[in-house]
Amino acid sequence: MLKWANKNPVILLFLLVAITFVVADGIHIINYPPRSIHQWRQSDCVSYAKTYYEKGSGLFSPSTYNLAGVDGKVASEFPIIYYIGGNLFHFFGVHYGILRGLNFLCYLLGIFYLYQCIGLWMKRSLLQIFPIILLATSPFYYYYALNFLPNVPAISFSFAGLYYWLMYERTSSNKHLIIGTLFFSLATLLKPTDGGLIWVAYLAVFSIKFLKHQFTKKQLLQLLICSVMISGVIYGWYTYVKWYNDQNNNHQNLLSIYPIWMMIQHDIEYVFNERIFGFWSVVYHQKIILYFLGLCLLLYVIRWKALNPFLRLYTLFLILGALAYDVLWFTAFSDHDYYQLLNVMPAVFIIITVVEWYSSKVLPKIPAKMSLGLGVVLIGLAAIAIRQNRNIQHDRYTQDMYTYVNPDIYEVEPVLRKLGIKQTDIIVSAPDPSPNITLAAYNNPGYTESFNDNNYNVSLFAKKGAKYLIINDTAYLHKPLYVPYTKKLIGKYKDNIFIFDLR
């Protein structure tokens with residue numbers, strides 16, 4: 001088995017990923033609507049895709065179902081995945097599996113290109129795929145790989161960009177430089193932070209190597225020109241988003257930093273103790289894997305001089321970049337694990353660097369039996385990682401604590417259509433603290449409790465043309481704000497979702 005694995009590492013890698021997918025019930029999850037952790041953000045993403053499909057709007061005119069602002073128009077990350085998904089709906093129908101599948105394809109692409117990168121430093125073997133499988137099975141990385149958010153696609157495209165720039169370094173081929181630049185541009189458009197760290201760290205290492213006369217001025221100039229182009233793309237999109245949101249009077253999306261200095265000491269301690277080292281820790285990886293990462297970090301420091309010169313420096317810049325990012329977005333770590341996905345990059349490169357050192361410096365000097373024993377240990381760790389990922393995915397999709405809104409909302413659309421409620425009719429939906437969870441489930445534009453105040457609530461929405469009120473919690477039938485609008489019941493579903501005519 002170990003001999004076969006060493007001869008066929010790429011087959012083993014994707015076999016392990018396939019096992020991870022099946023064991024974690026990916027066959028069913030891929031068709032799930034937005035649910036579990038960050039259902040709010042998932043529903044925003046789904047809204048972009050569905051409104052592209054329903055409105056037939058262009059790539060640069062994204063919108064969601066929530067009509068805050070002008071006709072729901074609002075932008076954040078570059079919406080290319082949602083746009084592609086919305087157009088695929090025309091051919092295959094509206095299926096959540098299309099959007100989840102697009103993200104998962106990006107995840108697989110990232111795995112493939114990271115494998116290609118490692119192959120530039122190590123011989124193809126079981127050791128080469130070990131760091132990748134630890135990344136691929138990290139429960140929160142996998143969770144967002146099979147989800148609607150752009151973070152994992154951004155990281156994946158940055159791995160592709162890194163590979164082509166590494167190839168440019170070796171071949172001086174402009175083709176590799178251009179392809180890498182395109183991948184980095186796409187990665188940073190999706191997420192400037194998650195998609196940009198790999199690029200910026202590489203640029204830093206390349207600059208240092210140039211100062212050591214390892215590259216020509218022409219190579220540095222070409223790389224800098226491409227980096228200016230990438231920066232221009234980021235700035236251009238950011239400027240467009242600000243203009244677009246200003247034009248449509250919609251500023252619901254965070255476009256700035258969320259730094260640690262916004263927090264008081266007590267809150268900082270809470271995030272460290274209760275969230276990062278408490279609640280979130282199990283979704284990073286199984287404890288044994290985290291201890292293994294700690295050991296790799298220790299070896300990285302102790303064996304610094306013996307490490308691959310590029311990898312040790314590149315990993316250092318990834319660590320420094322991640323630490324800077326953590327300070328600038330630390331406040332978000334309290335409730336958003338996807339804001340922490342950027343940290344998988346320095347983590348996986350710490351392991352890659354140490355594994356490369358072991359492969360080139362230690363392995364040739366040890367007996368074959370010891371090498372065989374290490375292979376068994378690595379396969380065991382991979383099995384532990386796959387099992388932990390399965391457990392976390394199961395918990396996230398089945399535990400009641402991750403159910404934030406009545407799950408029956410995803411079954412209601414056919415009822416609405418039978419009642420004569422058109423897909424273009426404006427509705428008010430409650431309870432729903434998010435902009436789009438219930439609206440995206442019903443496939444109707446309208447308003448929720450998001451952004452509500454004394455002057456912006458159902459009373460105003462009825463005056464602005466909302467035709468129907470949909471209540472998905474019986475307690476809201478007696479809430480003073482909504483009682484005046486519950487006089488004309490026209491339908492209900494499962495005795496817990498009620499539909500009223502506001503006209």
Side-chain angles (χ1 to χ4, degrees), residues 29 32-51 62-69 72-77 79 81-82 85 96 99-100 103 140 143-154 190-191 194 241 245 250-256 258 271 275 279-280 283 329 331-341 393 395-410 412-413 427-453 456-457 470-473 476 497:
I29 291 171
Y32 283 170
R35 59 189 286 184
S36 189
I37 294 284
H38 304 305
Q39 187 180 19
W40 177 324
R41 186 64 170 86
Q42 294 176 51
S43 298
D44 290 347
C45 299
V46 168
S47 292
Y48 282 122
K50 285 188 174 182
T51 52
S63 61
T64 65
Y65 284 109
N66 193 290
L67 296 179
K73 292 182 178 180
V74 66
S76 181
E77 65 269 6
I81 295 177
Y82 316 133
Y96 296 110
L99 290 176
R100 288 187 184 270
N103 264 30
F140 82 136
Y143 177 77
Y144 291 108
L146 196 58
N147 214 294
F148 304 99
L149 278 66
N151 304 70
V152 171
L190 289 175
K191 207 73 178 176
D194 297 46
V241 167
N245 291 345
N250 197 332
H251 301 92
Q252 62 181 277
N253 294 323
L254 177 67
L255 298 175
S256 60
Y258 215 15
V271 172
R275 307 300 281 179
F279 183 74
W280 295 128
V283 307
W329 274 272
T331 302
F333 291 4
S334 176
D335 300 306
H336 302 84
D337 60 339
Y338 63 86
Y339 269 90
Q340 302 171 56
L341 283 168
Q393 305 311 317
D395 287 349
R396 286 199 162 191
Y397 287 108
T398 60
Q399 286 194 13
D400 290 341
M401 65 180 290
Y402 299 128
T403 300
Y404 307 105
V405 179
N406 184 344
D408 292 334
I409 60 175
Y410 294 104
V412 171
E413 185 183 4
I427 66 172
V428 179
S429 178
D432 185 357
S434 78
N436 291 292
I437 290 177
T438 53
L439 298 178
Y442 302 144
N443 288 327
N444 273 83
Y447 305 92
T448 64
E449 295 176 295
S450 186
F451 318 118
N452 279 197
D453 57 32
Y456 188 80
N457 55 44
I470 303 177
I471 291 179
N472 66 78
D473 184 341
Y476 266 57
I497 297 180

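Side chains are part of it too, since the values below use all heavy atoms of this structure and drop only hydrogens, waters and symmetry mates. Along the sequence shown, the residues carry numbers beginning at 1.
- Contact of the R275 side chain with the D335 side chain is registered, since non-hydrogen atoms from C-beta on lie closer than 4.5 Å.
- For E449 and Y476, the side-chain atoms include at least one donor-acceptor pair closer than 3.5 Å.
- Under a 3.5 Å cut-off, the side chain of N253 and the backbone N or O of A75 do form a donor-acceptor pair.
- The backbone N or O of P431 sits less than 3.5 Å from a side-chain atom of N472, completing a donor-acceptor pair.
- In this structure a side-chain-to-backbone donor-acceptor pair under 3.5 Å is missing from S36 to Y402.
- Using a 3.5 Å distance cut-off with no hydrogens or angles, the side chains of D44 and N436 do pair a donor with an acceptor.
- Using the six-membered ring where Trp is involved, Y397 and Y143 have ring planes that are tilted, between 30° and 60° apart.
- Looking at heavy atoms from C-beta onward, Y144 lies in side-chain contact with I37 at the 4.5 angstrom threshold.
- Listed for the Q42 side chain is a donor-acceptor partner under 3.5 Å among the backbone atoms of R35.
- For the 3.5 Å distance criterion, the side chains of Y447 and N457 fail to qualify, holding no donor opposite an acceptor.
- Remark: side-chain polar atoms of D432 are not paired, donor with acceptor, to backbone N or O of T448 under 3.5 angstrom.
- Of the possible polar contacts, none joining the W280 side chain to the Q340 backbone as a donor-acceptor pair under 3.5 Å is found.
- Counting only heavy atoms from C-beta outward, the side chains of N103 and V152 never approach each other to under 4.5 Å.
- Under a 3.5 Å cut-off, the side chain of R100 and the backbone N or O of P33 do form a donor-acceptor pair.
- For the pair K50 (side chain) and A440 (backbone), a donor-acceptor distance under 3.5 Å is present.
- Shown here for P34 and Q39, the closest heavy-atom pair between the two residues is O-NE2, 3.1 Å.
- Aromatic ring centres of F148 and Y32 lie farther apart than the 6.0 Å criterion allows.
- In terms of modelled atom types and a separation under 3.5 Å, the side chain of N444 and the main chain of I427 share no donor-acceptor contact.
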